[in-house]
Structure formats: structure tokens, C-alpha cells
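The structure presented is a predicted model; accordingly, all values stated were derived computationally and were not measured. We name chains A, B, ... by the order of the sequence lines, and we start the count at 1 in each one.
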Amino acid sequence: MTTSNTTANGDDQAQSVALTINGLAVNAHEGMSLVEAAWHGGVPQVTSVGCLEGVCGSCRIMLRRGKEVTVGLACQTFVENGVEVVFLPPASAPLHHYEVSDFKDGWDIQARFQDIFPEASRCRHCHGCDNACPKGITVENGVALAAAGRFREAGEAFFECVMCELCDAACPELIAPAHVGLFSRRVTAHFHLRPPNLIHRLEELRKERMENPPKDRRKKNNED
Amino acid sequence: MSKGIPLAEALARYRADADIAPLPGSTDIDTLLNTYHPDHLRGSVVKLAVGANAGDSCQRELAGLLQAEAFIDEADLAGSPVTDIDVLVIGGGGAGCAAALAAAENGARVLLATKLRLGDSNTVMAEGGIQAAIEPDDSVQRHIQDTLRGGHHVGDPTLVSALAGDGPEVLHWLINQGMQFDQTPSGDLHTRRAGGMSTPRLVHCRDYTGLEMMRVLREAVIQHRSIEVWEQSPAVELLSNEVGQKCVGAVLTSLNNGQLRIVRTRSVILATGGLGRLHLNGFPTSNHLGATGDGLVLAYRIGARLCELDSFQYHPTGLVHPSHLAGKLVTEGVRAAGALLVNGLGQRFIDELQPRDVVCAAILRECSEGRGVRVNDQHSGVWLDTPRLERAQPGLLEKQFTSLMTRTRVAGIDPRVEPLLVHPTLHYQNGGAVIDANGATTVPGLYAVGEVSGGIHGRNRLMGNALLEIISFGRRAGAAATADRDRGPKKVTLEHVNQLRRALTLAGLPMTQRAPQILPDYAAGGVWNR
Ligand SMILES: Cc1cc2nc3c(=O)[nH]c(=O)nc-3n(C[C@H](O)[C@H](O)[C@H](O)COP(=O)(O)OP(=O)(O)OC[C@H]3O[C@@H](n4cnc5c(N)ncnc54)[C@H](O)[C@@H]3O)c2cc1C
Ligand code: SF4
Ligand code: SF4
Ligand code: FES
């Protein structure tokens with residue numbers, strides 16, 4: 001059959017691979033992810049791990065191969081001879097603040113975006129974010145779309161974003177592209193998602209409640 | 001120990017275009033379940049000796065943790081920094097975030113403490129979708145009926161009607177927070193029908209529903225002015241009043257430096273999720289790293305009643321290889337789309353669309369009777385025949401199962417040309433802490449929401465009801481916890497721990513094991529000396 005099945009399954013004679021993780025020498029087996037290798041090699045304090053399948057974005061690493069330095073997700077990256085791996089500390093608290101409930105309507109949303117993310121229009125097109133993204137998202141283009149007020153398209157670009165915030169760390173202008181992406185997705189749903197089937201059912205339930213008000217358990221609980 | 005057809009031989013024998021004999025006649029479902037489902041494995045269930053569920057059945061390894069020694073003593077509390085807050089939420093998955101947001105909306109100052117990073121959770125991995133009765137021919141009543149029937153009529157009807165009744169409003173709230181869902185061309189929310197539903201009711205965001213939900217809620221929590229978040233800060237114990245009968249706070253540790261911190265509060269909301277990473281009965285799991293059942297241990301030790309401690313959902317199709325994805329799911333949708341299950345002899349052995357517990361038992365039967373595909377002494381499985389599906393419906397896998405294709409591509413596997421080797425995987429904890437419609441446990445001051453709670457799903461959960469539950473009950477508990485007009489604790493103690501120690505001694509149980517588990521042993525390097 002195909003080679004991958006035989007290599008992936010035939011781990012009995014797996015080749016040994018030597019690398020360093022957080023400064024410690026580790027001998028791992030071929031085919032192991034960097035998370036498995038860290039555990040296998042007894043590297044302490046590797047707790048920035050969650051889903052193990054590339055969707056939570058927490059296992060951020062920096063990887064040095066000779067002169068080349070890249071970033072990525074440890075659970076999606078496999079051991080290689082001679083690489084140096086460092087698990088990155090969690091991202092710091094976001095610099096941009098907003099609550100969706102602050103927004104009155106969608107008409108001034110572009111202005112609000114520019115108040116909240118003033119750096120977004122200062123992108124220098126350095127591709128830092130695109131190179132950092134482990135999901136192959138066109139981050140730079142997404143930021144440009146958001147800065148132009150095209151939030152639906154911007155949000156669509158970030159569809160597979162796992163919030164690892166590696167793009168934020170790469171951005172020299174502190175634009176926080178990951179949060180720009182989420183802002184774009186959130187305002188799109190908040191202002192434009194108005195599904196008739198849901199609205200109809202909500203209205204039915206509201207009328208039902210008006211006709212025969214339910215016994216509100218919460219109120220009752222507080223009274224006694 | 002493990003029998004079966006060696007992998008190489010099975011691969012050589014496998015043909016995507018082989019004729020497949022029809023299924024052998026009807027299977028006796030009850031015998032199949034009683035013989036092969038892990039819940040019924042001999043020796044896998046024991047009776048609890050102490051605590052609120054003394055005398056009840058409980059899975060053996062879980063019982064060990066529920067009746068274990070605590071990590072800390074009164075002496076550890078002296079000198080630990082103290083934080084006062086209105087509401088403490090423990091756990092940063094979907095349920096915890098929903099509870100924190102609801103409490104904050106109602107005016108509380110909230111602290112959300114979570115074990116790993118905010119959003120590292122089972123929530124983020126959910127693919128299928130969330131249930132809500134919104135289609136014209138559907139109703140809240142039907143949703144209630146389906147859920148009760150699916151849970152084998154063990155679920156609590158009060159909780160189930162609260163859940164189903166909240167469905168449409170939950171979607172409204174999620175959209176307001178900024179969550180997107182798939183729409184039909186006319187703008188309706190797109191619904192699918194999945195196992196146990198009498199009509200389409202599963203709302204989704206492609207096959208990334210959990211990711212979309214989690215990143216929106218995570219951002220909403222991070223951005224909220226009244227919510228403070230502590231990451232890498234697992235709870236190791238709850239705090240009780242002088243008589244050990246009310247929950248008045250918690251003790252958190254730090255995964256970075258082991259520093260203990262005391263939090264005093266009016267109400268604690270436990271939202272710690274499931275327990276797949278306990279690998280019950282030696283099974284792999286689909287769960288995230290932090291799913292170690294801590295909430296059950298903490299709740300039980302402070303006296304809360306739990307339910308259905310011997311009922312777990314094993315998902316039939318967890319991956320056996322590549323090793324870094326061991327236990328991870330191949331979504332049920334692949335079988336729904338027509339993929340067959342085939343044993344090492346190239347035979348079908350079960351109707352693939354039977355309920356999860358039945359399919360799971362059938363796969364275990366094949367493996368234990370020597371018809372499975374044997375990888376090595378520990379690992380065996382059966383084929384999920386994706387190449388045959390691809391032949392029948394070219395392009396389908398790429399188009400509809402993006403998440404599966406992305407995950408296998410990373411490992412150099414192409415499900416379109418080679419079948420996937422699958423084995424049942426520990427997926428969901430059906431039971432948990434007994435709660436009322438506000439998420440309140442049987443211990444005053446303590447709420448439990450999400451997978452850590454029990455009573456809604458009876459002995460079997462339907463797909464899509466967990467994501468609904470975490471928002472519906474998360475919000476109920478957040479609001480109720482804020483409405484508690486208690487003035488806060490005078491004294492915080494570990495009296496409940498002392499009481500449990502006495503009970504364990506009286507029952508003659510050893511106190512060698514410590515709990516909660518916090519991290520699986522294979523990942524705990526440098527963090528714990530258990
Ligand atoms: C692969 C997969 C697919 C699924 N698909 C679906 C689906 O399609 N539809 C559906 O409805 N359901 C699905 N489910 C089930 C559903 O996702 C979960 O039951 C639900 O999301 C649980 O939410 P939660 O908030 O209760 O727990 P989680 O989301 O797991 O969050 C628990 C949080 O608590 C933290 N925590 C744990 N212990 C401690 C501690 N001691 N101190 C502090 N924090 C702690 C954890 O780190 C985590 O952040 C799926 C589950 C899995 C694993
Ligand atoms: S867009 Fe940014 S946060 Fe999202 S996956 Fe890519 S690098 Fe990570
Ligand atoms: S890293 Fe920042 S400045 Fe560079 S292209 Fe991306 S958004 Fe623009
Ligand atoms: S552990 Fe979740 S992305 Fe790697």
C-alpha cells in the first residue's frame with residue numbers, strides 16, 4: 001500500500017532522531033510530533049498544549065534549522081535531526097480594547113474600527129504575518145480588507161484562524177492581525193446575521209410567553 | 001495479548017474495489033452491548049464507599065480519584081495570597097466563558113481561572129454543530145422528546161426542557177457575541193439531521209463549529225472589562241465554611257511556579273469539562289490535554305452529589321495512527337456520508353449508522369475475536385473504508401471534510417487512497433455533578449455547568465446537545481450565581497477535606513493516591529511530583 005501507512009504504523013523499528021527542545025537534548029522517534037518528543041524526552045514544563053490536533057493554537061514554538069528560524073505549532077510539526085525547538089510563552093494581554101455591545105449600529109463601524117485598531121492602516125506589507133501563520137492564512141490581505149471596511153471578506157480570510165497569535169508577535173507595527181480578524185468576523189455576525197428561521201421561532205416563543213407566562217424558577221429561588 | 005490480522009497482511013489484502021458481502025443477519029444488540037461495551041467490562045465498575053454517592057456504581061479508576069487524598073493542608077493555606085471576588089469561574093472552555101460573561105452582564109466582578117490557556121478545551125474541537133429547534137416543522141417539544149429518548153429516559157426532564165427551551169435564544173446570544181453560522185441561500189440558518197434527531201436541528205459553522213464558538217467567546221471574555229483571566233492556574237481544591245457545608249472559594253496553583261493562591265468568593269462555578277485524559281479502561285481519547293475530571297473530584301470532596309458515574313460515551317471511530325493523532329476523531333459525518341466499516345478480513349460487521357455505543361461494541365468484538373487489524377501488542381482496529389467512499393462520490397472528502405483532510409495531510413496520509421485504521425475512543429462523560437435548572441449543585445455556593453455536570457444527557461448524549469448545554473446552563477449559572485445575595489465568606493477552611501479524610505480512614509481506604517489529576521502523567525513532567 002502507500003508508504004505513509006507503513007511508516008506511520010510500523011513504528012517498531014522507528015529511526016532515532018536527535019534534536020533539542022527548550023535547550024535540552026532529546027532523542028525521539030521518527031514520526032513523532034514535537035509535543036510527543038518533548039514528553040518522550042522528559043522536557044519539563046511543557047504545558048502550553050491543548051487539543052493536540054492543531055485547532056487550539058496554544059502549542060506555539062520557534063524552530064531553528066541551521067540559520068533558518070520559523071514559528072509554528074508543535075503538535076503539527078514533526079521531529080527532524082538537529083533542529084532546535086523552543087516552546088514560546090503565551091501571548092501577552094491584547095493591546096486593543098472593545099466590547100461588541102459598545103457598538104450602536106453598523107453605520108459607524110469603520111470609524112470605530114479605526115479608533116480601536118489605528119495601526120491597521122499603517123501596514124508596511126512586510127509579509128511577517130503571512131510567513132508566521134501556521135494555517136496558511138492570507139493575514140496581510142485580511143488586514144488590508146478590514147482597514148478598507150470590508151469586514152465580511154476580511155473575516156472570511158481568517159476562517160481557519162486558531163488564535164495562536166503568532167501573526168501578532170510577528171507584526172512590527174503592533175497591528176494585532178489575529179484580533180483584527182476576529183473583530184471582522186464578530187461584527188459581521190453581530191450586524192448582518194439575521195436568519196429568518198431563527199427570528200421566526202424566537203418571535204413564536206416570545207408570543208407564547210406573553211400568553212402564558214412561565215413560572216420563573218430563578219425568581220422563585222431568590223425569594224426563598 | 002492482542003490478536004488479529006497483522007497490519008501488513010491486512011493492507012495487502014485490502015482493495016477499495018473488492019466486492020463486499022451484505023451484512024450477516026440481525027445482531028442481538030443487548031448481548032453485544034453487555035459483552036463488549038466498555039461500560040460493561042468485567043471489573044470496570046465498583047461501588048463507592050464514602051461521600052454523597054456511597055453505595056452507587058462508579059467506573060473503577062474514577063472511583064479511585066473520587067476517594068483519594070487531597071493535595072493541600074491547612075498549613076499550605078497560611079501565607080498564600082488571597083483574592084476576593086464576586087464570582088469565581090473555574091475552567092476556560094465554552095461553559096466557563098458563557099458563565100463568566102453572564103455573571104459580568106449581571107454586574108458581577110468575575111475571575112475566570114483555567115488550567116491551560118483560555119480556550120484550550122473540548123469546546124474548541126467540536127466539529128458537528130449545536131442543536132436548536134428552529135425549523136418550521138420542529139419544536140421545543142420534539143427536541144425534548146428526542147433528547148430524553150436518546151438518553152434512554154434517564155435524563156432529568158426539568159433540565160432537558162430548560163435546555164431545549166433555551167435553544168433559539170442561545171443562538172441569538174451567540175450571534176450577538178459575533179459567532180457565525182452556515183446559512184442557506186435564503187439566509188436561514190442551515191440545519192443538518194444527525195443521530196437521534198427526528199428532524200434536522202443541528203446548526204453549524206462548516207465543520208469548525210467549536211472553533212468558531214470558542215474563539216468568539218474567548219475574545220469576548222478577554223475584552224470584557226469586568227472579567228479577569230488567570231491562565232495556567234488549575235484549581236486543586238475548593239474551600240468551605242467552618243462546618244464544611246458551603247463552598248466559599250477555591251485554591252489555585254500555578255503550572256509555572258507552583259505558587260498557591262486563595263480565592264474567596266460568594267459563588268464558585270465549576271466548568272472544568274470532561275475526563276477523557278484519564279484514559280478510563282486503558283482507552284485512547286478524543287479529548288484535550290486538560291480533560292482529567294478535576295471538577296468531579298473537587299465537587300465530590302466538598303459533598304456534592306454526582307450521577308451516572310458508570311456511563312461514558314466512546315466514539316466508535318478514533319484514529320489508531322498516526323500516533324500523534326491517536327484517539328482523535330473521524331467525525332460521524334463520514335459514516336453518515338456512506339463510509340463502511342470493514343474488518344481485517346475485508347468483511348462488514350455492523351450497520352455503520354447504529355447508535356454510537358452499538359457500533360463501538362461491534363468494533364471491539366471484531367478486535368477481540370481476532371478479526372481486527374493488529375498494529376502491535378497494544379493497538380488494533382478496523383478499517384474505515386474512505387477510499388471506497390471516494391470511489392463512489394469523488395471529491396466528497398475534500399469538499400465536506402476539510403478538517404479531517406487537513407489533519408491527515410500533515411501526517412502524509414491520504415484517506416482517499418488508503419483506508420483509515422480506527423478504534424473506539426473515550427469521548428464524553430455522560431453524567432457528572434447533579435444540578436438544578438440554575439446549574440446549582442447540591443452544595444450551597446457551588447454551581448457546575450457543561451460536561452462536568454450531569455442529568456441532561458441521561459446515559460447517552462446526542463450530538464449537538466453538549467454545545468447547547470454549555471451556553472444554556474453556563475448563562476443560567478452565571479446569572480444565578482450573581483443573584484446570590486450572600487455577603488461572602490467570613491472564614492475559609494478545608495473542613496470538608498478533613499471530613500473526607502475521616503470518612504476514608506473509617507472505610508479503611510488507603511490514602512496513597514492524590515487527586516485531582518490536573519495533567520496526565522505522560523505530560524506532567526516538571527510540574528507535579530505525584
Ligand atoms: C473532538 C470532540 C468533538 C465534539 N463534537 C461535538 C459536537 O459536534 N457537538 C456537541 O454538541 N458537542 C461536541 N463535543 C462535546 C463538547 O465539545 C463538550 O462536551 C463541551 O464543549 C464541553 O464544554 P465545557 O466548557 O464543559 O468543557 P471544556 O470545553 O473542555 O472546558 C473545560 C475547561 O476547564 C479547564 N479545566 C479543567 N480542569 C481544571 C482545573 N482543575 N482548574 C481550572 N481549569 C480546569 C480546561 O483546561 C478547559 O479549559 C465534542 C467533543 C470532542 C472532544
Ligand atoms: S491568522 Fe494569526 S492567529 Fe490566526 S492562525 Fe494565523 S498566525 Fe495564528
Ligand atoms: S506583519 Fe504587520 S506590518 Fe507586516 S504585513 Fe502583516 S500586518 Fe502588515
Ligand atoms: S495543541 Fe492545540 S494547536 Fe497544538
Side-chain angles (χ1 to χ4, degrees), chain A residues 1-2 4-6 8-12 31-33 35-36 39 42-58 75-76 90 93-94 97-100 155 159-163 179 182 185-190 193-198 200-202 205 217-218 221-222, chain B residues 7 11 14 116-117 119-121 124-125 133-136 168-169 171-172 175-181 183 187-189 211 215-216 218-219 222-225 231-232 255 288-290 321-325 328 375-376 407 410-414 417-418 437-438 479-480 483 522-523 525-527:
Chain A
M1 215 25 236
T2 49
S4 53
N5 230 340
T6 28
N9 286 314
D11 45 23
D12 293 347
M32 277 185 171
S33 73
V35 172
E36 287 177 296
W39 290 341
V43 181
Q45 301 281 352
V46 177
T47 56
S48 54
V49 173
C51 65
L52 296 163
E53 57 179 63
V55 298
C56 77
S58 71
C75 71
Q76 302 293 292
H97 296 284
Y98 70 95
E99 282 175 30
V100 205
F159 179 69
E160 284 202 86
C161 172
V162 294
M163 289 310 286
H179 296 274
L182 255 175
R185 293 190 62 80
R186 292 181 74 195
V187 297
T188 302
H190 183 81
L193 189 51
R194 294 291 179 270
N197 54 353
L198 173 61
H200 182 72
R201 179 54 40 86
L202 286 168
L205 292 175
R217 270 178 231 99
R218 196 176 300 152
N221 261 0
N222 289 343
Chain B
L7 176 72
L11 271 174
Y14 171 81
L116 302 164
R117 182 180 182 244
D120 289 5
S121 59
V124 78
M125 291 188 284
I134 55 165
E135 294 292 17
E169 193 47 55
L171 295 184
H172 180 199
I175 291 170
N176 251 332
Q177 293 298 320
M179 179 171 174
Q180 301 193 6
F181 293 98
Q183 288 170 276
D188 282 339
L189 292 183
L211 171 61
R215 62 190 171 197
V216 165
R218 178 174 183 272
E219 189 74 356
I222 291 178
Q223 296 287 357
H224 205 292
R225 296 170 189 94
E231 298 184 322
Q232 307 269 316
L255 292 185
H288 84 119
L289 189 68
H321 73 89
S323 66
H324 79 282
L325 287 178
K328 293 302 184 174
V375 180
N376 55 32
R407 281 186 288 151
V410 173
I413 288 175
D414 187 348
V417 294
E418 56 197 283
N438 288 326
Y522 52 79
V527 181

Item to complete: Let me know if B/Ile222 has heavy atoms under 4.5 Å from chain A in its side chain, its backbone, both or neither.
Response: side chain

Worksheet entry | Greatest number of heavy atom pairs closer than 4.5 Å to chain B - which of A/Gln76, A/Met32, A/Glu160 | A/Glu160

Worksheet, complete the sentence: Scored by heavy-atom pairs under 4.5 Å with chain A, the best of B/Leu325, B/Asp120, B/Leu211 is B/Asp120

Practice prompt. Check whether any side-chain heavy atom of A/Leu52 lies under 4.5 Å from a side-chain heavy atom of B/His288, and answer yes or no.
Written response: no

Discussion item. I need the residue from A/Ser33, A/Pro90, A/Pro196 with the largest number of non-hydrogen atom pairs under 4.5 Å to chain B.
Written reply: A/Pro196

Fill in: Close side-chain approach of A/Tyr98 and B/Glu219, heavy atoms under 4.5 Å
yes

Discussion item. Taking A/Cys56's backbone N and O only, do any of them form a donor-acceptor pair with B/Arg117's side chain (distance below 3.5 Å, no angle check)?
Written reply: yes

Worksheet entry | Pairs of heavy atoms under 4.5 Å with chain A: top-ranked of B/Lys328, B/Arg407, B/Gln177 | B/Lys328

Practice prompt. Answer yes or no: is there a donor N or O on one side and an acceptor on the other, between the side chain of A/Arg201 and the main chain of B/Glu135, under 3.5 Å?
Written response: yes

Item to complete: Look at the side chain of A/Asn197 and the backbone N and O of B/Asp188, then say whether any donor-acceptor pair between them is shorter than 3.5 Å.
Response: no

Discussion item. Below 4.5 Å, heavy-atom pairs only: which of A/Pro195, A/Gly54, A/Gly31 has the largest tally toward chain B?
Written reply: A/Pro195

Worksheet item: In terms of heavy-atom proximity below 4.5 Å to chain B, should A/His200 be classed as side chain, backbone, both, or neither?
Response: neither

Worksheet item: Given a strict heavy-atom distance threshold of 4.5 Å, which part of B/Met125 is in contact with chain A: side chain, backbone, both, or neither?
Response: both

Worksheet item: Any idea which heavy atoms bring A/Leu182 and B/Arg215 closest together, and the distance?
Response: CD1-O, 3.6 Å

Worksheet item: Side chain, backbone, both or neither: which part of A/Val162 has a heavy atom under 4.5 Å from chain B?
Response: both

Discussion item. With chain A as the partner, which of B/Pro136, B/Gly525, B/Gly187, B/Pro168 has the greatest number of non-hydrogen pairs under 4.5 Å?
Written reply: B/Pro168

Worksheet, complete the sentence: Answer key: most heavy-atom pairs under 4.5 Å with chain B among A/Pro94, A/Gly57, A/Gly155 is A/Gly57

Item to complete: Under 4.5 Å heavy-atom distance to chain A, tell me which part of B/Ile175 shows up: side chain, backbone, both or neither.
Response: both

Response to the item:
With chain A, the option among B/Leu116, B/Leu171, B/Val410, B/Leu189 that has the most non-hydrogen atom pairs under 4.5 Å is B/Leu189

Response to the item:
Counting heavy-atom pairs under 4.5 angstrom with chain B, the leader among A/Leu193, A/Val100, A/Leu205, A/Val55 is A/Leu193

Worksheet item: So, A/Glu99 side chain and B/Arg225 main chain: donor-acceptor pair closer than 3.5 Å or not?
Response: yes

Worksheet, complete the sentence: Greatest number of non-hydrogen atom pairs under 4.5 angstrom with chain B, of A/His190, A/Arg186, A/Met163, falls to A/Arg186

Item to complete: Examine whether an atom of A/Cys161 lies under 4.5 Å from a heavy atom of chain B, and if so say whether it belongs to the side chain, the backbone or both; otherwise answer neither.
Response: both

Discussion item. Heavy-atom pairs under 4.5 Å with chain A: which of B/Gln232, B/Glu169, B/Gln180, B/Gln183 has the most?
Written reply: B/Gln180

